[in-house]
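Note on naming: letters A, B, ... go to the chains in the order of the sequence lines (proteins, then strands), and numbering restarts at 1 for each one. Note that the structure is predicted; figures quoted are calculated from it, not measured.
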Amino acid sequence: MSAPGAGSGVVVVGGGQAGFSVVQALRGAGYEGPVTVFTDEPRLPYQRPPLSKKAHTEPEGLGVDLVPETFYRERDIDLRLGEYVAAIDTAACAVTTGSGERVPYEHLVLATGARNRPLPVPGAELSGVHALRSLDDALAIGRALTTARDVVVVGGGFIGLELAQVARARGANVTVVELADRLLSRAVSPQLQEHLRQRHERDGIRIHTGTAVERIEGKGGQVCQVLTGQGPLPADLVVYGIGAAPRDELARDAGLAVDDGVVVDEQLRSVSDPRVFAVGDCARHPHPHADGLVRLESVQNAIDQGALVGRRIAGGAAGPYESLPWFWSDQGPVKLQIAGLRASTDEVRVVPGDTPERLAAYAFRDERLVAVETLNWPAEHLAARRLLQQDPPVSPADLAGATLGALARARRTKEVRA
Amino acid sequence: MPIVIFELPDGTQRKVTADAGTVLMQAAVSNGVDGIVAECGGNASCATCHVYVDERHGELVGPPNDVEDEMLDFTAAERRPTSRLSCQVQVSDALDGLVVHIPEEQV
Ligand SMILES: Cc1cc2nc3c(=O)[nH]c(=O)nc-3n(C[C@H](O)[C@H](O)[C@H](O)COP(=O)(O)OP(=O)(O)OC[C@H]3O[C@@H](n4cnc5c(N)ncnc54)[C@H](O)[C@@H]3O)c2cc1C
Ligand code: FES
């Protein structure tokens with residue numbers, strides 16, 4: 001008797017950035033077995049970054065498309081849009097869909113992403129209060145912004161600050177309310193937090209840090225004000241972005257190890273079942289640049305993890321997952337980019353760039369460069385990505401008075417001469 | 001609509017139709033051309049959409065813009081005189097028949 005699921009191919013749960021990357025890599029690496037993608041959103045896989053960086057009332061304006069439908073058809077990928085996977089039977093190697101269909105798998109890839117944390121205050125259900133994750137959320141916000149005068153953004157993270165700038169550019173009065181004492185409190189170094197705050201305030205965005213939202217009030221079911229620890233704020237649109245939680249409940253119900261994400265090994269396989277992989281926002285994984293396990297929410301992470309698993313299943317070369325993490329966030333006129341993983345104990349050195357708009361923050365641990373944050377300086381960001389992946393590591397002395405760009409150029413010249 | 005040819009490092013060619021008014025990267029991605037990763041979706045943030053414009057067409061396509069020019073110094077594959085980031089190349093009917101080469105590495 002053959003093993004359960006043998007010959008039944010790959011089932012991917014979740015058609016977002018990571019799920020798309022899995023199937024692209026599978027077929028790209030010549031995998032010929034059946035490939036099925038279940039995704040509960042009723043539309044082709046799309047990218048989320050534009051959702052918080054632009055405002056539109058029609059999908060075309062946002063430019064979120066990854067690839068057209070023909071891409072899947074030509075590659076014989078069975079894309080099951082609007083279909084939810086309700087359960088996994090790891091013993092029998094099969095999933096059950098929301099409509100009760102049982103689909104066997106030889107390899108299962110969980111690419112279920114994350115969901116927004118709900119805003120835990122009275123009034124969050126009022127009309128005019130929005131979370132931002134899906135295309136539909138973005139279009140609803142885009143429509144609201146055509147008339148909104150007073151916008152309150154709850155949460156001073158990446159998505160909140162991006163959206164605050166979008167709303168401000170439309171001429172709305174914008175207030176960002178953040179519970180922590182600083183913006184982007186864990187995401188960027190303290191030096192950059194202060195710098196970014198000043199930039200946004202200069203653009204006329206009001207920022208209340210250390211401030212709790214207590215309740216949201218409405219008139220006739222429509223939001224009209226937000227009560228905060230610092231008093232009421234008028235509001236005809238409220239957008240909140242207070243973090244996300246991994247969609248790991250399917251894995252948990254199936255008895256797979258989860259710990260704020262599906263726990264996987266350096267091959268991105270579930271530590272509980274070698275036939276199950278997890279990639280993207282839903283995966284908690286080891287990384288050579290981290291102490292312990294990490295769960296990252298970024299396009300780079302989704303693409304690189306998906307590609308690795310696709311290649312591995314196809315039987316191609318694939319070592320452990322060790323791609324250098326990187327991230328970007330466009331906050332109005334500010335392009336923030338991060339390369340590497342920073343810890344709160346790192347020593348950070350901030351260096352002005354060659355124009356007033358540019359800035360870099362270099363984070364060192366044990367005398368070696370581990371992460372670089374840049375503002376409006378893509379070239380320095382790219383140089384950081386090159387150098388963080390090369391030996392020897394960059395030491396504080398290497399950077400005395402120099403940029404990473406200059407250092408990368410110098411090292412390259414040396415290589416060519418050698 | 002202009003036809004653009006992407007030549008992969010192994011010499012195979014992919015002929016695709018590009019839409020005037022979009023960018024070259026989009027034509028590659030929509031047609032599943034391998035080797036154009038485009039992580040940032042065309043945002044001039046990632047340099048994973050690097051191409052070498054065929055020397056015959058270098059002038060037709062023109063030089064990189066300032067930000068792109070700086071970024072091209074740090075692409076994964078070496079920079080060459082006709083290097084461009086394909087998300088910064090606007091497609092027009094004038095580009096019909098364009099040949100671009102895809103580098104060995106993007107990330
Ligand atoms: C507004 C916004 C802006 C962002 N901006 C940036 C940015 O500028 N830069 C950056 O690097 N990252 C950004 N990100 C993060 C980035 O988009 C995510 O890290 C990335 O989309 C993760 O990909 P994923 O495939 O893991 O998850 P997702 O893209 O979320 O896809 C998961 C999919 O799985 C589906 N699904 C879940 N469970 C099931 C189930 N049981 N059955 C069927 N389908 C299911 C979901 O509906 C969803 O469609 C942003 C995110 C958001 C929300
Ligand atoms: S797609 Fe990222 S720079 Fe071109």
Side-chain angles (χ1 to χ4, degrees), chain A residues 17 21 23-25 27-29 46-50 53 62-72 74-75 77 298-304 307 323-324 326-330 335-337 354-355 358 374 376-387 389 404-406 408-409 412 416, chain B residues 1 6 8-10 12 14-19 21-23 25-50 64-80 83-85 87-88 90-91 102-103 105-107:
Chain A
Q17 192 97 49
S21 179
V23 299
Q24 187 184 38
R27 289 298 191 228
Y46 61 93
Q47 29 185 344
R48 301 189 191 277
K53 297 169 182 70
L62 287 165
V64 294
D65 293 348
L66 284 164
V67 295
E69 202 266 328
T70 47
F71 178 94
Y72 303 95
E74 284 164 4
R75 286 163 185 75
I77 294 164
S298 75
V299 168
Q300 169 278 323
N301 183 67
I303 292 181
D304 290 350
S323 302
L324 180 78
W326 77 270
F327 181 79
W328 84 95
S329 169
D330 288 344
K335 181 192 284 294
L336 164 68
Q337 290 178 285
D354 48 0
T355 70
R358 292 181 165 181
T374 52
N376 295 327
W377 206 356
E380 186 71 354
H381 167 76
L382 286 180
R385 277 164 57 187
R386 296 274 87 80
L387 290 168
Q389 296 181 83
L404 290 170
R409 283 198 189 88
R412 194 171 281 182
V416 173
Chain B
M1 278 190 291
F6 289 91
L8 303 176
D10 68 3
T12 49
R14 287 283 314 272
K15 216 180 238 194
V16 308
T17 311
D19 290 327
T22 63
V23 294
M25 176 276 284
Q26 196 53 52
V29 171
S30 322
N31 289 285
V33 174
D34 279 336
I36 299 289
V37 184
E39 285 185 335
C40 76
N43 214 14
S45 298
C46 72
T48 62
C49 62
H50 182 198
N65 60 49
D66 290 347
V67 170
E68 183 189 349
D69 185 32
E70 279 187 305
M71 291 174 70
L72 284 165
D73 279 348
F74 305 109
T75 46
E78 58 157 355
R79 180 176 190 166
R80 294 186 194 155
S83 280
R84 291 291 312 263
L85 296 180
C87 71
Q88 303 299 305
Q90 289 290 329
V91 174
I102 296 180
E105 290 176 284
Q106 293 285 11
V107 283

Undergrad: Non-hydrogen atoms of chain B under 4.5 Å away: do they reach the side chain of A/Leu324, the backbone, both or neither?
TA: neither
Undergrad: Looking only at heavy atoms, which two atoms of A/Lys335 and B/Ser45 are closest? And how far apart?
TA: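 So the two residues come closest at NZ-OG, 2.8 Å.
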Undergrad: Might you point out which heavy atoms bring B/Val29 and A/Val67 nearest each other, and give the distance in Å?
TA: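 Minimum heavy-atom contact is O-CG1, 3.2 Å.
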Undergrad: Please name the pair of heavy atoms, one in A/Trp377 and one in B/Glu70, separated by the smallest distance, quoted to 0.1 Å.
TA: NE1-OE2, 4.4 Å
Undergrad: Under the side-chain contact (heavy atoms from CB on, under 4.5 Å) test against B/Cys46, which residue among A/Gln337, A/His381, A/Arg385 passes?
TA: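 Looking at A/Gln337, A/His381, A/Arg385, the match for B/Cys46 under the side-chain contact (heavy atoms from CB on, under 4.5 Å) is A/Arg385.
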Undergrad: Hey, are the side chains of B/Glu39 and A/Asp304 touching, using non-hydrogen atoms and a 4.5 Å cut-off?
TA: yes
Undergrad: What part of A/Asp330 lies closer than 4.5 angstrom to a heavy atom of chain B: side chain, backbone, both or neither?
TA: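 Side chain only.
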Undergrad: Does atom CG of B/Asp66 have more than 12 heavy-atom neighbours from other groups under 6.0 Å away?
TA: no
Undergrad: Side chain, backbone, both or neither: which part of B/Ala76 has a non-hydrogen atom closer than 4.5 Å to chain A?
TA: both
Undergrad: Which heavy-atom pair separates A/Trp326 from B/Cys40 by the least distance, and what is that distance?
TA: CH2-CB, 4.3 Å
Undergrad: Considering only heavy atoms, which portion of B/Thr48 lies under 4.5 Å from any heavy atom of chain A: side chain, backbone, both, or neither?
TA: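 For B/Thr48, side-chain heavy atoms alone lie under 4.5 Å from chain A.
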Undergrad: Considering non-hydrogen atoms only, spot the tightest contact between A/Arg75 and B/Asn31 and give its length.
TA: NH2-O, 3.6 Å
Undergrad: Specify which of A/Pro378, A/Pro50, A/Gly28 makes the most heavy-atom pairs with chain B at under 4.5 Å.
TA: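 Among A/Pro378, A/Pro50, A/Gly28, the one with the most close pairs to chain B is A/Pro378.
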Undergrad: Please flag which part of B/Gln26 lies under 4.5 Å from any non-hydrogen atom of chain A: side chain, backbone, both or neither.
TA: side chain
Undergrad: Please name the pair of heavy atoms, one in A/Arg409 and one in B/Asp73, separated by the smallest distance, quoted to 0.1 Å.
TA: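 Closest pair (atom of A/Arg409, atom of B/Asp73, distance): NH2-OD2, 2.7 Å.
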